*Asks:* 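Here it is, the structure in full.
Numbers here simply count residues along the sequence, with the first being 1. Not measured: the values here are computed from a predicted model.
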Amino acid sequence: MSQHKIFAKQDVRKLYLDEQGNVDFNKIQAKWDELKKIKESLANKHYTQAVVEKVKTMSAEDQQRFLDIIIAGLTNDDSSVGISATRPEDYDVFLFYLEPIIREYHKIEGETKQEHDWNIPVGEYVLTKIDPALEKVSMRARVARNVVGYNLPSSMDKDERIKFENQMVTVFENFGIPGNYHSLTPGHKNFISDQKADELRKKHFLFIDMTSDNYLMSNGVASDWPFGRGIWVSQDETKMVWVGEEDQLRIISIVQGNDLGKVDQSLHELLTGIEKSGLKFAEHPVYGIITTCPTNMGTGKRQSILGKFPNLSKSGTDEANLKEKAKSIGLQARGTGGEHSSMDQEGTADISPSARFGVTEAIVTKRLFEGLIVLYQLEKTTGPEKGRNNCCTTF
C-alpha cells in the first residue's frame, strides 16, 4: 500500500461531505480524477455522471451509504476494485453501480446465474499423481459467509459485532462438532491472552490485527477492534471459523494429506453443521454468495495448497515471476500468510484458483488440480534441478 499512515473510516469520509454534512459529489469527483493519474480502480472507472445523477435522486441516508461503499477506493490509491458493501441489500439498492463492477471483475458476459455444486469426489484429485513427493501437503479450503439480519462488517457498530459474536458462540456450543471458541473481545467468557492469540497466528489459524491494514480501516471492517472478533477451532485442528474479519464468517478446513476431495468433504461438513443451527446466509439471486468485497461473490470459496516453487520464484527473490506464471493458468500465488504477505527463501507460496464466480464449488477444486499439474511442470523445467525439494509445507 502506497500510503503509510492509517486512516480510520470516520475521519476519511468527512473529506467528502459539505458544511451541512451532506455528500459532496464534486469532492468525490475531484478525488477520482486525482487517483486516475496513479491507478484507476473499478470503483473509479464506473463512477459515471449517470451514476451520480441516480444517486442524487436517492435519500440522504442512501447517499451516505453510497459514500461508505466507495470510501476505501477513495482513500487507497493502490485499489484495484475499491468497493466494500455495507449490507446485503446494497447489491439490490445500488445494483445500477455495482453490477458493471461485478461483471467486469469476474469477466461475466451475457445472461448469468451462480450455481452451486458440492459433489466433489474423494480419490480423484490426488496430488501424488502430479508428483510422488506431494505426499503430505497442507491443503486449505474456505468459504466466506454473511448472515441475514446483520449489517456487513464494514458498517457494523461495536454492539452489533458483540451481538453477532455471542450468537455464533451459541452455535458453536450446540452444532455437534467438538472444539473451542477463542475470543479477542475484552471481558468475553472465552477471552484469550495476546500470547495465546500469537500462538494461533503462528499456526496460521488466526487472522492478524486488522488495524494495521489501511484498506480495512478506511472501509470500516477493522472498526471497534478487537471487539466481536475471534476464532473457533475444532478439537483436531482441521476445522475453524473466523468471526468478525472482512466477512462475518470465514469457514475453513485444513487437511494434511494429498487428496483435495477430503478437504472439501471436511469443509462441507462444517458448513452444513453451521447451516443446520438455523442461520440463514445472505445470497443474491444472480450473483451468489454475498460478501463485503464483490471479488469474493459467486461461490465465496477459495481453495489452496502451500507449495515450494524455488525455481519459478528464484528462491523467493522473484515473486512476480511465480505470480505471473500462476496467473497465466488461472491461479493466484500469494505468500504463506495470504494476501499482501511474502514468500520465503524456498519460494513457499499459497496457490489457489482465481475464479470465484461462474464456477461451482466442484469446479474450483478441479481447476486447482489441473492448474497445479501445469505449475509443477513449469517448476520442474525452470532452472537447476539439483538439490530441489519440490514439496509442500504445513501451515
*Asks:* In terms of heavy-atom contacts, does CZ of R145 have more than 12 from other residues, nucleotides or ligands at under 6.0 Å?
*Replies:* yes

*Asks:* Answer yes or no: are there more than 12 heavy-atom neighbours, outside E53 itself, under 6.0 Å from its atom CD?
*Replies:* yes

*Asks:* How are the rings of F66 and F25 set relative to one another: parallel (under 30°), tilted (30 to 60°) or perpendicular (over 60°)?
*Replies:* tilted

*Asks:* At what distance, to the nearest 0.5 angstrom, does CG of L216 lie from CD of E245?
*Replies:* 6.5 Å

*Asks:* side-chain hydrogen bond (donor to acceptor under 3.5 Å, both in side chains) between N174 and S277: does it pass, once the steps are laid out?
*Replies:* CA-CA 8 Å; N174 294 283; S277 71; over 6 Å; no

*Asks:* Any chance you could lay out the side-chain hydrogen bond (donor to acceptor under 3.5 Å, both in side chains) test for T185 and E165, step after step, and finish with the verdict?
*Replies:* CA-CA 9 Å; T185 301; E165 180 185 32; 2.8 Å; yes

*Asks:* Heavy-atom distance under 4.5 Å between the side chains of Q377 and D131, does that happen here?
*Replies:* no

*Asks:* Would you say T170's side chain and N166's backbone share a donor-acceptor pair under 3.5 angstrom?
*Replies:* yes

*Asks:* Tell me, please, whether Y16 has K27 positioned over its six-membered ring: NZ or CZ under 6.0 Å from the ring centre and within 45 degrees of its axis?
*Replies:* no

*Asks:* Could you tell me whether the side chains of R140 and S304 share a donor-acceptor contact shorter than 3.5 Å?
*Replies:* no

*Asks:* For E361, which of H116, K301, Q303 qualifies under side-chain hydrogen bond (donor to acceptor under 3.5 Å, both in side chains)?
*Replies:* H116

*Asks:* Using a strict cut-off of less than 4.0 Å between a Lys/Arg side-chain nitrogen and an Asp/Glu carboxylate oxygen, indicate whether E34 and K31 qualify as a salt bridge.
*Replies:* yes

*Asks:* Would a 4.5 Å heavy-atom cut-off, applied to side chains only, mark L375 and L322 as touching?
*Replies:* yes

*Asks:* Crowded around Q20 CD? As in, over 12 foreign heavy atoms under 6.0 Å?
*Replies:* yes

*Asks:* Should we say atom NZ of K327 is surrounded by more than 12 heavy atoms from elsewhere, each under 6.0 Å from it?
*Replies:* no

*Asks:* With a 4.0 Å cut-off on N to O distance, would you call K39 and D78 a salt bridge?
*Replies:* no

*Asks:* For the pair N22 (side chain) and D18 (backbone), establish whether a donor and an acceptor sit closer than 3.5 Å, ignoring hydrogens and angles.
*Replies:* no

*Asks:* May I ask you to decide whether K308 forms a salt bridge with E346, counting only side-chain N to carboxylate O separations under 4.0 Å?
*Replies:* yes

*Asks:* Can you label the angle between the F207 ring and the W225 ring as parallel, tilted or perpendicular, going by 30° and 60°?
*Replies:* perpendicular

*Asks:* Return the CG to CZ distance between D209 and R229, rounded to the nearest 0.5 Å.
*Replies:* 9.5 Å

*Asks:* Decide if atom NZ of K158 counts as having more than 12 heavy atoms of other residues, nucleotides or ligands within a radius under 6.0 Å.
*Replies:* no

*Asks:* Do E275 and K280 come close enough that some side-chain heavy atom pair is under 4.5 Å?
*Replies:* no

*Asks:* Are K325 and E379 close enough for a salt bridge, meaning some N to O gap below 4.0 Å?
*Replies:* no

*Asks:* Could you tell me how the ring of Y150 sits relative to the ring of F164: parallel (under 30°), tilted (30 to 60°) or perpendicular (over 60°)?
*Replies:* perpendicular

*Asks:* Strictly under 6.0 Å, is that where the ring centroids of Y105 and F357 end up?
*Replies:* no

*Asks:* In Å and rounded to the nearest 0.5 Å, what is the CE to CG distance from M217 to D11?
*Replies:* 8.5 Å

*Asks:* Would you check if there is a donor-acceptor pair between the side chains of S79 and S41 at a distance under 3.5 Å?
*Replies:* no

*Asks:* Is there side-chain contact between N219 and K9, with at least one heavy-atom pair below 4.5 Å?
*Replies:* no

*Asks:* Verify the ring-centre separation between Y287 and H284: is it less than 6.0 angstrom?
*Replies:* yes

*Asks:* If you define the side chain from C-beta out and look only at heavy atoms, does anything of P100 sit under 4.5 Å from I102?
*Replies:* no

*Asks:* Which atom pair, heavy atoms only, marks the closest approach of P226 to L184?
*Replies:* CG-O, 3.3 Å

*Asks:* Do the side chain of T75 and the main chain of I71 share a donor and acceptor less than 3.5 angstrom apart?
*Replies:* yes

*Asks:* Would you check, one step at a time, whether the test side-chain contact (heavy atoms from CB on, under 4.5 Å) holds for N190 with N180?
*Replies:* CA-CA 9 Å; N190 301 106; N180 295 290; over 6 Å; no

*Asks:* Is a side-chain donor-acceptor pair under 3.5 Å present for T86 with R65?
*Replies:* yes

*Asks:* Got a sec, which residues hit salt bridge (Lys or Arg N to Asp or Glu O under 4.0 Å) with E370, two or more places apart in sequence or on another chain?
*Replies:* K366

*Asks:* Quiz question: by atom type and distance under 3.5 Å, do the side chains of Y181 and E173 form a donor-acceptor pair?
*Replies:* no

*Asks:* Side chain to side chain contact (heavy atoms under 4.5 Å, CB included) with K314: which residues, sequence neighbours excluded?
*Replies:* T317, D318

*Asks:* Do the two ring centres, one from F175 and one from W232, sit under 6.0 Å apart?
*Replies:* yes

*Asks:* Within this structure, what is the CD1-OG distance for the pair I305 and S138, rounded to the nearest 0.5 Å?
*Replies:* 9.0 Å

*Asks:* Kindly say whether K196 contributes a backbone atom to a donor-acceptor pair with the side chain of R201 at under 3.5 angstrom?
*Replies:* no

*Asks:* Are F172 and V241 close enough that some pair of their side-chain heavy atoms sits under 4.5 Å apart?
*Replies:* yes

*Asks:* State the CG-OG1 distance between D264 and T365, to the nearest 0.5 angstrom.
*Replies:* 3.5 Å

*Asks:* Please check if the number of heavy atoms outside Q235 that lie under 6.0 Å from its CD is greater than 12.
*Replies:* no

*Asks:* Is a side-chain donor or acceptor of N258 paired with a backbone partner of L127 at a separation under 3.5 angstrom?
*Replies:* no

*Asks:* Please name the pair of heavy atoms, one in I251 and one in L267, separated by the smallest distance, quoted to 0.1 Å.
*Replies:* O-CD1, 3.3 Å

*Asks:* Looking only at heavy atoms, which two atoms of N146 and P153 are closest? And how far apart?
*Replies:* OD1-CD, 3.7 Å

*Asks:* Does R103 come within less than 4.0 Å of E109, counting only side-chain N to carboxylate O?
*Replies:* no

*Asks:* Given 3.5 Å as the limit, does a donor-acceptor pair link the side chain of D247 with the main chain of T292, or not?
*Replies:* yes

*Asks:* Which pairs pass salt bridge (Lys or Arg N to Asp or Glu O under 4.0 Å) with one or both residues in residues 86-100, sequence neighbours excluded?
*Replies:* D62-R87, R87-D90

*Asks:* Checking T272 side chain against E269 main chain: does a donor-acceptor pair fall under 3.5 Å?
*Replies:* no

*Asks:* Are any of the side-chain heavy atoms of H182 and L200 separated by less than 4.5 Å?
*Replies:* yes

*Asks:* Got F281 and I289 here, is their nearest side-chain heavy-atom distance under 4.5 Å?
*Replies:* no

*Asks:* Can any side-chain N or O of N151 pair as donor or acceptor with the backbone N or O of M156 at less than 3.5 Å?
*Replies:* no

*Asks:* Checking E319 side chain against A333 main chain: does a donor-acceptor pair fall under 3.5 Å?
*Replies:* no

*Asks:* Less than 3.5 Å apart, any donor N or O on the side chain of Q64 or D68 sitting next to an acceptor on the other?
*Replies:* no

*Asks:* For D236 and T238, indicate whether the former's side chain and the latter's backbone hold a donor-acceptor pair under 3.5 Å.
*Replies:* yes

*Asks:* When you look at L17 and D24, which way does the side-chain contact (heavy atoms from CB on, under 4.5 Å) test go after all the steps?
*Replies:* CA-CA 5 Å; L17 303 177; D24 191 322; 5.9 Å; no

*Asks:* Mind checking the CG-CD1 spacing from D213 to I6? Nearest 0.5 Å is all I need.
*Replies:* 7.0 Å

*Asks:* Do you know the tightest heavy-atom contact between S354 and Q332?
*Replies:* CB-CG, 3.8 Å

